[in-house]
Structures are given as structure tokens and as C-alpha cells.
There are 2 protein chains.
Amino acid sequence: MFLSSYVNGVDKKGRVSVPAAFRSELATHSRAQVVVYAAPDDKYLYAWGYDDFLQFAEKIKKMPAMSPQRQRLARTLLAAARPLGFDDNGRIMLPENFIKHADISGKAIFAGQGDYFTIWQPENYEAKQEADLEHYEDDLAALSGLWEELGG
Amino acid sequence: MFLSSYVNGVDKKGRVSVPAAFRSELATHSRAQVVVYAAPDDKYLYAWGYDDFLQFAEKIKKMPAMSPQRQRLARTLLAAARPLGFDDNGRIMLPENFIKHADISGKAIFAGQGDYFTIWQPENYEAKQEADLEHYEDDLAALSGLWEELGG
DNA sequence: CTTTATCCCATATGATCCCATAAATTACCA
DNA sequence: TGGTAATTTATGGGATCATATGGGATAAAG
């Protein structure tokens, strides 16, 4: 499970250390890779462990062969995703287009989201957090609703 | 599995490098060729690994011999398809009619779609991506719906 | 005999590997 | 417990390798 968040440096080669805690989580997968793709709706990146992303992909592959919906999902998720391997020091190399998409320069924040994590330009992340606060009460209420439904 | 997308140059001879990541996927097939055909519905090309395309073809071959439906599929897929080999540097040569069909000149984008990939003129692809965004929420919902149905 | 495709080599760019350092964390022991 | 050693983590730079791409020679086809 990906928990808590970490800020790491991005060097001029585009390399960045994935937090050790996340790395050991990723190591449990059949390939020690992280699959990254640009969030279609905002300036950040999604990052999944290999096996979890594969499950995602399998669902898409099970959709009707050439249906428009399947094709759209394949474009936004499969074609946009990149499996990134680690160098000996636990770094990945963020491709140019990802760095651009997320406005990253110098530093990046890795934010655990449970079964995946996201990568942001730190200032953008802080702004997003601030905005989240306004929904906090409502979101919490929704959560407790769910809680009761599930008999928790 | 074909993941992520890459832009490569098409030289005046019509040659273009197939991304190395795709090449190594194609190399797992019984012949190191890629089977390409023009998308019937839009300006791009489909590209399959040899064995997977064969399986596809088998399905068509199992249809009643002279049925109009089989004949149409045979024309759009089998007759239009072309197995392309690689030169020593991992390039294929796109035949003139494919280049025309996809409006390709100078550059081409290879978009992984899981069990196959597609080839586009980059600007056309970007336009398509943009259009995809309008369906993003719905498509994602459909995917998670599938998710629960399948117990994922 | 011209045109077109294939093969072969040469090169630049960019990715990957490897080592070296520094900071932070943990382990160990007086 | 305080302090020191050992380990893990993050980071930087350079060497090496892979990939993409261009041009020309050779072979095949019309």
C-alpha cells in the first residue's frame, strides 16, 4: 500500500529517486517497474505497480474488439502509459512529455493513494490540497455513508 | 503487450523505425514481422504481431465460405493486410498506399493498444486524443462498472 | 535498363550503467 | 544512554551502450 508523500529532486537528465518505501511495495510485483501515465484531466501523473496496471489493461482488452469506447480507453490509458524501470540506485527517468505535462522542474512530490500513487510539481500539489479542504466535510460524510452500507 | 506511444521519423524512402519496445514484443512471435492494414474507419493504420493476426484471420476463415460477410471481412482485413519485415536497424518500409491513407509525412506516432498498436500522423492523433477527453468520465465509469461486474 | 527495395555502414543523440559522495537512518556497543 | 559504526538512501557525473536515422552500395523487379 502506498502511504504518505515524499519530495525528491529531479536532475537535468530527468532522473528522480522513487521513495524507498514505494520501491519496496513495487518490488512485490512480477516486474519491478512502475507504470506511469499523464492524468488526462490535470497536471499530474499516475503511477501503478506493474501487476495492478496489467489488471487494468486486461479489463480494457476484454471490451468488444473495435468498439469506440475500447479504442478511446486504449488511447487514454494504454498508449499514454509508460512502464519505467529503475536504475541501480532506485531512480526512474521521467520522459520529457511527462515532465512537461506535470510542469515538473527540479523537484517532484510522490503522493501515496493506496493502490497507486501520483507525481506532482510540489506547488501544484499544495494548491490541490488547499482546494480539497473545502470538500472535506462532505467527503467525510460520504465516507461514513459508505461505511454503514458495508456494515463497518 | 504494446504500451505507451512513440514518435519516429519517416524518411524519404518511406522507412521508419519501429520503437524498440514494440520490436521486442514482435520478436516473441513465430515470425518477426508486423502485419499492417489501413483502418477502415479513419486515417490510421493497424499493426499486429504475426501470430495474433493469424488468429484473427482464423476466425474469418471459420465463417461460411462464400457468405457476403466473410467476403467483406476478407477484403477489408485479409486482402488489405501486409506483413512487413525489418531491416537490420529495426525499420519497416511503409508502402505508398498506407502512407497516403494515414496522411503521413515526416513523422509517425506509434500508439500501443495492448494486443496491437496503431500508426498515425501525429497531428491527427492529437486531435483524436482531444476528442477522447469528452468521453473520459463516461468511459472511466464504464470501466469501473465492468470492474465490479467482473469482481476486479 | 530504369526503378524500387534491401542491405550495410557511419554517426549523433539519448538512455543506461557504474562509481563516488553525502545525508539520513539504523544498528551496535561501551 | 550517548556516541560511534554500519547501512540505507538520495544525488551527481562520467563512461558505455542502444536506438534512431541518414546515405550509399547492392540486389531484385518491372
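When reading the values below, keep in mind they use all heavy atoms of this one structure, side chains included, and skip hydrogens, waters and symmetry mates. The sequence lines fix the lettering, A, B, ..., with proteins before strands; numbering per chain opens at 1.
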Exercise for the section: Determine: side-chain N/O of R15(A) to OP1/OP2 of dG14(C), distance under 4.0 Å, yes or no. Expected result: no
Exercise for the section: Salt-bridge test for D132(B) and R72(A): reply yes if a basic N is under 4.0 Å from a carboxylate O, no otherwise. Expected result: no
Exercise for the section: Name the nucleic acid region contacted by V18(A), choosing base, sugar-phosphate or nothing; use a 4.0 angstrom heavy-atom cut-off, strictly under. Expected result: sugar-phosphate
Problem - Which nucleotide in dA10(D), dA15(C), dT19(D) has an atom nearest any side-chain atom of M93(A) - result: dA15(C)
Handout entry: Distance-only donor-acceptor test (3.5 Å): side chain N89(B), base dT21(D)
Key = yes
Problem - Test: D51(A) and R31(A) ion pair at under 4.0 Å - result: no
Exercise for the section: Kindly determine whether V36(A) and Y46(A) satisfy side-chain contact (heavy atoms from CB on, under 4.5 Å), including the steps that lead there. Expected result: CA-CA 5 Å; V36(A) 180; Y46(A) 280 90; over 6 Å; no
Between protein and nucleotides 25-28 of chain D, what N or O pairs are separated by less than 3.5 Å?
none

Exercise for the section: Write out all pairs satisfying ring pair (Phe, Tyr, Trp, His ring centres under 6.0 Å) with one or both partners inside residues 10-36 of chain A, taking only residues at least two apart or from two chains. Expected result: F2(A)-F22(A), Y6(A)-F22(A), F22(A)-F117(A)
Exercise for the section: Confirm from the modelled atom types if N8(A) and dT11(D) form a donor-acceptor pair under 3.5 Å, side chain to base only. Expected result: no
Exercise for the section: Ignoring backbone atoms, establish whether K12(B) has a side-chain N or O less than 4.0 Å from OP1 or OP2 of dG22(D). Expected result: no
Exercise for the section: Answer yes or no: is there an ion pair linking D11(B) with K107(B), defined by an N-O contact shorter than 4.0 Å? Expected result: no
Practice task
Tell me what D11(B) touches on the nucleic acid: a base, only sugar-phosphate, or nothing, going by heavy atoms under 4.0 Å.
Solution key: sugar-phosphate
Exercise for the section: Establish, with yes or no, whether the OP1 or OP2 oxygen of dA20(D) is under 4.0 angstrom from a side-chain nitrogen or oxygen of R23(B). Expected result: yes
